[in-house]
There are 2 protein chains.
Amino acid sequence: MAEESKPVYLRLREIIAASILDGNYSDGDLLPSVRALAARQGANPLTVAKAYQCFQDDGLIVVKRGVGMFVADGASRRLRETERRRFLDSVWPPVADQIKRLGISAEDLDLQRV
Amino acid sequence: MAEESKPVYLRLREIIAASILDGNYSDGDLLPSVRALAARQGANPLTVAKAYQCFQDDGLIVVKRGVGMFVADGASRRLRETERRRFLDSVWPPVADQIKRLGISAEDLDLQRV
DNA sequence: ATGGGTGCATCACTGCCATAATACAGCCAT
DNA sequence: ATGGCTGTATTATGGCAGTGATGCACCCAT
């Protein structure tokens with residue numbers, strides 16, 4: 001259930017999503033170039049491109065060829081809703097099952113921080 | 001973050017672990033044969049064997065060749081401890097981060113069921 | 001117009017996963 | 001001892017995902 005070694009492009013995808021959700025990049029902002037992010041994260045440019053591709057498919061980032069990739073209008077809000085739904089539908093149920101199965105208490109989960 | 005399409009042998013591994021944790025199979029019990037479980041789960045016998053192999057490596061399952069595989073002594077307790085540690089160390093932190101990031105409330109998580 | 005920045009298409013390599021067809025080795029009830 | 005159940009080793013194959021190297025197409029500031 002733990003995914004400590006996920007594919008790089010998925011890790012990058014999460015990093016990008018987190019950056020947008022946290023407001024590091026707002027609607028209309030220019031995102032780091034494929035090569036720049038690749039260098040910073042020690043990954044291959046194509047792998048970064050693959051990560052960006054996920055968001056393009058959802059219309060969350062818009063590409064200006066030869067210029068760069070920009071955060072689409074309302075991307076932050078839409079991304080939050082999408083991720084929220086995905087979390088509640090796909091991620092949380094098995095996690096809750098596991099918590100129940102293992103008899104883990106709320107204190108162990110340190111719910112204060114949540 | 002959702003892992004809806006994990007390798008089959010890992011899914012089988014979780015199914016087996018859950019069965020042991022839930023007490024469907026207690027210490028000393030005979031587990032389903034490789035072929036039987038394969039047929040029931042619609043998988044290949046070798047893939048099931050690979051799943052069982054994980055538990056053999058940890059000494060949670062003991063093999064009597066020609067007879068079958070049995071739940072080792074204290075397997076349930078040890079498995080619970082191992083899984084618990086793995087959950088708290090590797091699974092929960094990113095989940096908690098995501099909950100925080102997405103601003104998901106305790107009610108949404110339906111904590112009553114946990 | 002040209003140089004340097006974009007994204008992206010192509011091809012190729014690698015490794016893992018799953019499956020399959022056998023075949024073998026061990027145990028046990030009959 | 002024989003048939004039928006166990007797990008397992010072997011070999012091979014197909015598929016697919018991840019990553020990588022290269023080159024091209026595009027745009028813009030200079």
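Heavy-atom basis, side chains included; hydrogens, waters and symmetry copies ignored.
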For atom [atom1] of [X] and atom [atom2] of [N], their distance in whole Å:
| X | N | atom1 | atom2 | value |
| --- | --- | --- | --- | --- |
| B:Q41 | C:dT19 | CD | P | 12 Å |
| A:N44 | C:dC13 | CG | P | 16 Å |
| A:I16 | C:dG7 | CD1 | P | 11 Å |
| A:M69 | C:dG5 | CE | P | 18 Å |

OP1 or OP2 of C:dT19 less than 4.0 angstrom from a side-chain nitrogen or oxygen of B:T47, does that happen here?
yes
Where the side chain of [X] meets the backbone of [Y], is there a donor-acceptor pair that is under 3.5 Å apart?
| X | Y | result |
| --- | --- | --- |
| B:T47 | B:A43 | no |
| A:R13 | A:Y52 | no |
| A:D29 | A:V71 | no |
| A:T82 | A:R78 | yes |

With sequence neighbours left out, what residues match B:R101 under side-chain hydrogen bond (donor to acceptor under 3.5 Å, both in side chains)?
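Once residues adjacent in sequence are excluded, the partners of B:R101 under the side-chain hydrogen bond (donor to acceptor under 3.5 Å, both in side chains) criterion are A:D22.
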So, with a heavy-atom separation below 4.0 Å from DNA chain C, the residues of residues 48-65 of chain A are A:Q56, A:V63, A:R65
Closer to the 5' end of DNA chain C via nearest nucleotide, is it B:P45 or A:A36?
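The answer here is A:A36.
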A side-chain contact here means heavy atoms from C-beta on lying under 4.5 Å apart; do A:S76 and A:Y25 qualify?
no
Quick one: does B:F70's side chain get under 4.5 Å of B:D27's, heavy atoms only?
no
Given the structure, check if the side chain of A:R35 and the base of C:dG7 hold any donor-acceptor pair shorter than 3.5 Å.
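Under the 3.5 Å cut-off, the side chain and the base do form a donor-acceptor pair.
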Before you tell me yes or no, could you show the steps for A:M69 and A:K64 under side chain to side chain contact (heavy atoms under 4.5 Å, CB included), namely the whole-Å CA-CA distance, both residues' side-chain angles and the distance that decides it to 0.1 Å?
CA-CA 6 Å; A:M69 333 247 294; A:K64 291 185 188 175; over 6 Å; no
Heavy-atom neighbours of A:D58 CG exceed 12 at 6.0 Å:
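Yes, CG of A:D58 has more than 12 neighbouring heavy atoms, counting only those of other groups under 6.0 Å.
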First of B:L46 and B:P32 reached from the 5' end of DNA chain D, by closest nucleotide:
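Here B:P32 is the residue nearer the 5' end.
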Walk along DNA chain D from 5' to 3' and tell me the first and last nucleotide with an atom closer than 4.0 Å to a non-hydrogen atom of chain B.
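Contact boundaries, 5' end first: D:dC5 to D:dT10.
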